[in-house]
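Note sheet for the following structure.
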Amino acid sequence: MFVLVWLGIASTAMAISIGFSPSSQAVEIGDSLTVDVIISGLSAADEIVSAYDLDVSYDAALLLATGVTFGPYLDDLLFPGFAFQEAILASGLIDLAELSILSDDELALQQGDSLVLATLHFNALALGTSPLTFTFDDENDIKGRKALELYVEALGADVTVTAATQPVPEPSTLLMLGFSLLIPGCIARRRARKK
(Lines give C-alpha, C1' and ligand atoms only; values in the text may rest on other atoms or scores of the structure.)
Protein backbone atom coordinates (compact mmCIF):
# COMPACT_ATOMS: atom_id res chain seq x y z
CA MET A 1 0.00 0.00 0.00
CA PHE A 2 2.80 2.41 0.94
CA VAL A 3 4.55 1.82 -2.41
CA LEU A 4 1.35 2.57 -4.38
CA VAL A 5 0.81 5.83 -2.49
CA TRP A 6 4.45 6.80 -3.02
CA LEU A 7 4.23 6.03 -6.76
CA GLY A 8 1.07 8.15 -7.01
CA ILE A 9 2.80 11.11 -5.35
CA ALA A 10 5.90 10.70 -7.53
CA SER A 11 3.87 10.58 -10.76
CA THR A 12 1.90 13.68 -9.72
CA ALA A 13 5.12 15.52 -8.95
CA MET A 14 6.57 14.73 -12.37
CA ALA A 15 3.37 15.76 -14.14
CA ILE A 16 4.09 19.46 -13.59
CA SER A 17 6.89 21.06 -15.59
CA ILE A 18 8.27 24.54 -16.03
CA GLY A 19 10.11 25.62 -19.14
CA PHE A 20 10.59 28.21 -21.85
CA SER A 21 8.76 28.88 -25.07
CA PRO A 22 10.20 28.72 -27.62
CA SER A 23 12.60 26.08 -26.31
CA SER A 24 15.06 26.92 -29.08
CA GLN A 25 15.40 29.92 -31.35
CA ALA A 26 17.93 31.63 -33.59
CA VAL A 27 18.30 35.40 -33.85
CA GLU A 28 20.81 37.77 -35.41
CA ILE A 29 23.17 40.10 -33.58
CA GLY A 30 21.29 43.28 -32.67
CA ASP A 31 17.86 41.62 -32.69
CA SER A 32 15.51 41.78 -29.73
CA LEU A 33 13.75 38.61 -28.63
CA THR A 34 11.23 37.36 -26.08
CA VAL A 35 10.97 34.07 -24.22
CA ASP A 36 7.93 32.96 -22.20
CA VAL A 37 8.29 31.18 -18.86
CA ILE A 38 5.52 28.55 -18.90
CA ILE A 39 4.33 26.11 -16.25
CA SER A 40 2.19 23.19 -17.41
CA GLY A 41 0.56 20.02 -16.12
CA LEU A 42 -1.38 21.76 -13.34
CA SER A 43 -4.77 20.19 -14.15
CA ALA A 44 -3.55 16.60 -13.92
CA ALA A 45 -2.19 17.32 -10.44
CA ASP A 46 -5.26 19.44 -9.45
CA GLU A 47 -2.89 22.30 -8.66
CA ILE A 48 -2.53 26.04 -9.07
CA VAL A 49 0.33 28.52 -8.81
CA SER A 50 -0.12 30.88 -5.87
CA ALA A 51 3.44 32.24 -5.69
CA TYR A 52 6.88 31.73 -7.18
CA ASP A 53 10.44 32.96 -6.83
CA LEU A 54 12.57 31.86 -9.78
CA ASP A 55 16.07 32.60 -10.99
CA VAL A 56 16.73 32.33 -14.73
CA SER A 57 20.37 32.26 -15.81
CA TYR A 58 21.74 33.06 -19.28
CA ASP A 59 25.07 33.92 -20.92
CA ALA A 60 25.59 37.66 -20.36
CA ALA A 61 28.29 37.77 -23.06
CA LEU A 62 25.68 36.82 -25.68
CA LEU A 63 22.41 38.28 -24.35
CA LEU A 64 21.32 41.38 -22.46
CA ALA A 65 18.13 41.16 -20.38
CA THR A 66 16.07 44.31 -21.02
CA GLY A 67 12.80 43.66 -19.21
CA VAL A 68 10.11 41.36 -17.82
CA THR A 69 6.35 41.32 -18.42
CA PHE A 70 4.38 39.33 -15.84
CA GLY A 71 1.46 37.14 -16.91
CA PRO A 72 -2.05 37.94 -15.64
CA TYR A 73 -2.76 34.57 -13.97
CA LEU A 74 -1.92 35.57 -10.38
CA ASP A 75 -3.67 38.97 -10.63
CA ASP A 76 -6.88 40.01 -8.96
CA LEU A 77 -9.62 39.95 -11.64
CA LEU A 78 -11.25 43.12 -10.28
CA PHE A 79 -7.94 44.97 -10.09
CA PRO A 80 -5.79 43.73 -13.01
CA GLY A 81 -2.10 44.01 -12.31
CA PHE A 82 -2.63 43.80 -8.57
CA ALA A 83 -0.26 41.13 -7.28
CA PHE A 84 3.07 41.44 -5.56
CA GLN A 85 5.60 41.30 -8.41
CA GLU A 86 9.33 41.85 -8.57
CA ALA A 87 11.91 41.39 -11.30
CA ILE A 88 15.60 41.99 -10.72
CA LEU A 89 17.77 42.04 -13.84
CA ALA A 90 21.44 41.36 -13.21
CA SER A 91 24.24 40.35 -15.54
CA GLY A 92 23.53 36.73 -16.44
CA LEU A 93 20.59 36.37 -14.04
CA ILE A 94 16.91 37.35 -13.86
CA ASP A 95 15.21 37.01 -10.47
CA LEU A 96 11.42 36.74 -10.85
CA ALA A 97 9.01 36.74 -7.92
CA GLU A 98 5.24 37.02 -7.74
CA LEU A 99 2.74 36.46 -4.93
CA SER A 100 -1.01 36.44 -5.43
CA ILE A 101 -3.46 37.83 -2.86
CA LEU A 102 -6.30 35.66 -4.22
CA SER A 103 -7.67 32.53 -2.57
CA ASP A 104 -6.88 29.10 -4.00
CA ASP A 105 -10.43 28.82 -5.40
CA GLU A 106 -10.20 32.22 -7.12
CA LEU A 107 -6.85 31.27 -8.66
CA ALA A 108 -8.24 27.91 -9.85
CA LEU A 109 -10.99 29.76 -11.74
CA GLN A 110 -8.52 31.78 -13.81
CA GLN A 111 -5.66 29.29 -14.20
CA GLY A 112 -5.78 26.37 -16.60
CA ASP A 113 -3.50 23.44 -17.26
CA SER A 114 -0.65 25.69 -18.40
CA LEU A 115 0.05 29.38 -18.00
CA VAL A 116 2.63 32.00 -18.86
CA LEU A 117 4.19 33.22 -15.63
CA ALA A 118 6.29 35.91 -17.33
CA THR A 119 7.79 37.01 -20.63
CA LEU A 120 11.51 37.77 -20.65
CA HIS A 121 12.90 40.39 -23.03
CA PHE A 122 16.48 40.25 -24.37
CA ASN A 123 18.79 41.87 -26.93
CA ALA A 124 21.28 39.69 -28.84
CA LEU A 125 24.85 40.93 -28.35
CA ALA A 126 27.36 38.44 -29.79
CA LEU A 127 27.73 35.19 -31.73
CA GLY A 128 27.14 31.93 -29.87
CA THR A 129 24.51 29.84 -28.09
CA SER A 130 23.21 30.86 -24.67
CA PRO A 131 21.44 28.29 -22.53
CA LEU A 132 18.48 29.46 -20.48
CA THR A 133 18.17 27.54 -17.21
CA PHE A 134 16.32 27.74 -13.92
CA THR A 135 18.34 27.87 -10.73
CA PHE A 136 16.47 26.59 -7.69
CA ASP A 137 17.43 26.85 -4.02
CA ASP A 138 17.48 23.76 -1.82
CA GLU A 139 13.70 23.86 -1.72
CA ASN A 140 11.44 24.39 -4.67
CA ASP A 141 10.44 27.99 -5.23
CA ILE A 142 6.94 27.47 -6.69
CA LYS A 143 3.94 27.38 -4.36
CA GLY A 144 0.59 25.75 -5.10
CA ARG A 145 -2.57 25.15 -3.05
CA LYS A 146 -2.35 26.14 0.62
CA ALA A 147 1.05 27.70 -0.18
CA LEU A 148 2.63 24.23 -0.29
CA GLU A 149 5.65 23.60 -2.47
CA LEU A 150 5.06 22.34 -6.00
CA TYR A 151 7.66 19.90 -7.23
CA VAL A 152 8.25 20.48 -10.91
CA GLU A 153 10.51 19.28 -13.66
CA ALA A 154 12.59 22.19 -14.94
CA LEU A 155 13.23 22.26 -18.69
CA GLY A 156 15.89 24.46 -20.24
CA ALA A 157 16.11 26.27 -23.56
CA ASP A 158 18.72 27.86 -25.79
CA VAL A 159 19.10 30.97 -27.92
CA THR A 160 21.55 30.91 -30.83
CA VAL A 161 22.87 34.28 -31.99
CA THR A 162 24.07 34.36 -35.60
CA ALA A 163 25.75 37.01 -37.74
CA ALA A 164 23.50 39.54 -39.42
CA THR A 165 22.79 38.52 -43.00
CA GLN A 166 23.34 40.96 -45.84
CA PRO A 167 20.21 41.72 -47.85
CA VAL A 168 20.11 40.15 -51.31
CA PRO A 169 19.85 42.82 -54.04
CA GLU A 170 16.53 42.85 -55.82
CA PRO A 171 16.42 42.35 -59.62
CA SER A 172 15.48 46.00 -60.17
CA THR A 173 18.64 47.08 -58.32
CA LEU A 174 20.77 44.83 -60.50
CA LEU A 175 19.03 46.16 -63.63
CA MET A 176 19.73 49.77 -62.64
CA LEU A 177 23.35 48.88 -61.92
CA GLY A 178 23.67 47.27 -65.36
CA PHE A 179 22.23 50.33 -67.13
CA SER A 180 24.50 52.66 -65.19
CA LEU A 181 27.52 50.67 -66.41
CA LEU A 182 26.30 50.71 -70.05
CA ILE A 183 25.56 54.43 -70.28
CA PRO A 184 29.18 55.71 -70.10
CA GLY A 185 30.16 53.19 -72.79
CA CYS A 186 27.35 54.36 -75.08
CA ILE A 187 28.26 58.01 -74.58
CA ALA A 188 31.94 57.35 -75.37
CA ARG A 189 30.96 55.42 -78.51
CA ARG A 190 28.70 58.21 -79.67
CA ARG A 191 31.43 60.82 -79.21
CA ALA A 192 33.88 58.64 -81.13
CA ARG A 193 31.46 58.46 -84.13
CA LYS A 194 31.01 62.25 -84.23
CA LYS A 195 34.75 62.82 -84.48
Side-chain angles (χ1 to χ4, degrees), residues 4-25 32-59 63-122 130-159:
L4 291 175
V5 170
W6 182 80
L7 286 174
I9 291 171
S11 66
T12 300
M14 293 309 286
I16 301 173
S17 64
I18 187 167
F20 301 97
S21 180
S23 61
S24 181
Q25 65 178 305
S32 58
L33 63 129
T34 60
V35 179
D36 291 335
V37 176
I38 297 179
I39 190 164
S40 57
L42 295 170
S43 297
D46 190 32
E47 269 299 350
I48 59 166
V49 176
S50 58
Y52 61 88
D53 185 0
L54 302 170
D55 290 338
V56 175
S57 61
Y58 62 93
D59 188 340
L63 300 174
L64 171 67
T66 58
V68 173
T69 305
F70 286 94
Y73 301 102
L74 274 71
D75 290 357
D76 188 321
L77 293 176
L78 297 176
F79 304 101
F82 191 71
F84 298 103
Q85 302 171 335
E86 181 180 41
I88 300 171
L89 307 177
S91 180
L93 186 72
I94 301 173
D95 184 4
L96 302 169
E98 188 170 15
L99 170 68
S100 179
I101 61 169
L102 299 179
S103 71
D104 289 353
D105 292 336
E106 291 171 318
L107 286 170
L109 288 174
Q110 67 187 40
Q111 293 180 5
D113 183 59
S114 64
L115 51 119
V116 176
L117 297 178
T119 301
L120 312 178
H121 303 267
F122 295 96
S130 172
L132 299 176
T133 57
F134 294 103
T135 307
F136 293 110
D137 294 334
D138 290 340
E139 51 187 59
N140 204 322
D141 297 323
I142 303 171
K143 305 296 182 188
R145 291 185 183 274
K146 299 179 182 177
L148 297 175
E149 294 175 15
L150 285 182
Y151 294 96
V152 299
E153 178 185 9
L155 307 172
D158 59 74
V159 176

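Positions are given from 1, in the same order as the sequence printed here. Quick caveat, the model's predicted, so the values are computed rather than measured. What you see below is based on every heavy atom in this structure, not just the backbone, and it leaves out hydrogens, waters and symmetry mates.
In this structure, Leu132 CG and Gln25 CD are separated by 8.0 Å, a value rounded to the nearest 0.5 Å. Put simply, CG on Leu96 and CG on Leu89 are 8.5 Å apart, with the number rounded to the nearest 0.5 Å. To the nearest 0.5 Å, atoms CG (Leu107) and OH (Tyr73) are separated by 13.0 Å. Between atom NZ of residue Lys146 and atom CD1 of residue Ile48 there is a gap of 11.0 Å, rounded to the nearest 0.5 Å. Separation of atoms CG (Leu155) and OG1 (Thr133) is listed at 12.0 Å; rounding is to 0.5 Å. With rounding to the nearest 0.5 angstrom, the CD1 atom of Ile16 is 9.0 Å from the OG atom of Ser40.
Side-chain contact between Phe134 and Val56: present, with at least one pair of heavy atoms (C-beta onward) separated by less than 4.5 Å. Counting only heavy atoms from C-beta outward, the side chains of Leu99 and Lys143 never approach each other to under 4.5 Å. Within the 4.5 Å cutoff, the side chain of Leu42 has heavy atoms near those of the Leu115 side chain. Put simply, the side chain of Thr69 reaches to within 4.5 Å of the side chain of His121, judged on heavy atoms. Leu102 places a side-chain heavy atom less than 4.5 Å from the side chain of Gln110.
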Let me see the working for Tyr58 and Ile94 under side chain to side chain contact (heavy atoms under 4.5 Å, CB included), right down to the final yes or no.
CA-CA 8 Å; Tyr58 62 93; Ile94 301 173; 3.9 Å; yes
One pair to check against side chain to side chain contact (heavy atoms under 4.5 Å, CB included): Glu98 and Val49. What are the steps and the verdict?
CA-CA 10 Å; Glu98 188 170 15; Val49 176; over 6 Å; no
Between Leu117 and Ile142, does the side chain to side chain contact (heavy atoms under 4.5 Å, CB included) criterion hold? Intermediate values first, please.
CA-CA 11 Å; Leu117 297 178; Ile142 303 171; 5.5 Å; no
Run the side-chain hydrogen bond (donor to acceptor under 3.5 Å, both in side chains) test on Ser100 and Ser50 for me, step by step, so that the C-alpha distance in whole Å, both residues' side-chain angles and the decisive distance to 0.1 Å come before the verdict.
CA-CA 6 Å; Ser100 179; Ser50 58; over 6 Å; no
Side chain to side chain contact (heavy atoms under 4.5 Å, CB included) for Asp53 and Asp95? Distances and angles first, verdict last.
CA-CA 7 Å; Asp53 185 0; Asp95 184 4; 2.9 Å; yes
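In summary, of the residues considered (Val68, Leu54, Val116, Thr119), a side chain to side chain contact (heavy atoms under 4.5 Å, CB included) with Val37 occurs for Leu54 alone.
For Ser21, the side chain to side chain contact (heavy atoms under 4.5 Å, CB included) partners at least two apart in sequence or on another chain are Asp36, Ile38.
Here the closest heavy-atom approach between residue Gly156 and residue Phe20 is recorded as C-CD1, 3.9 Å. Minimum heavy-atom separation, Thr135 to Ser57: OG1-OG, 3.9 Å. Annotation for Gly144 and Glu47: closest pair CA-OE1, 3.5 Å, computed over non-hydrogen atoms.
The aromatic rings of Phe70 and Tyr52 sit tilted, their planes meeting at an angle between 30° and 60°.
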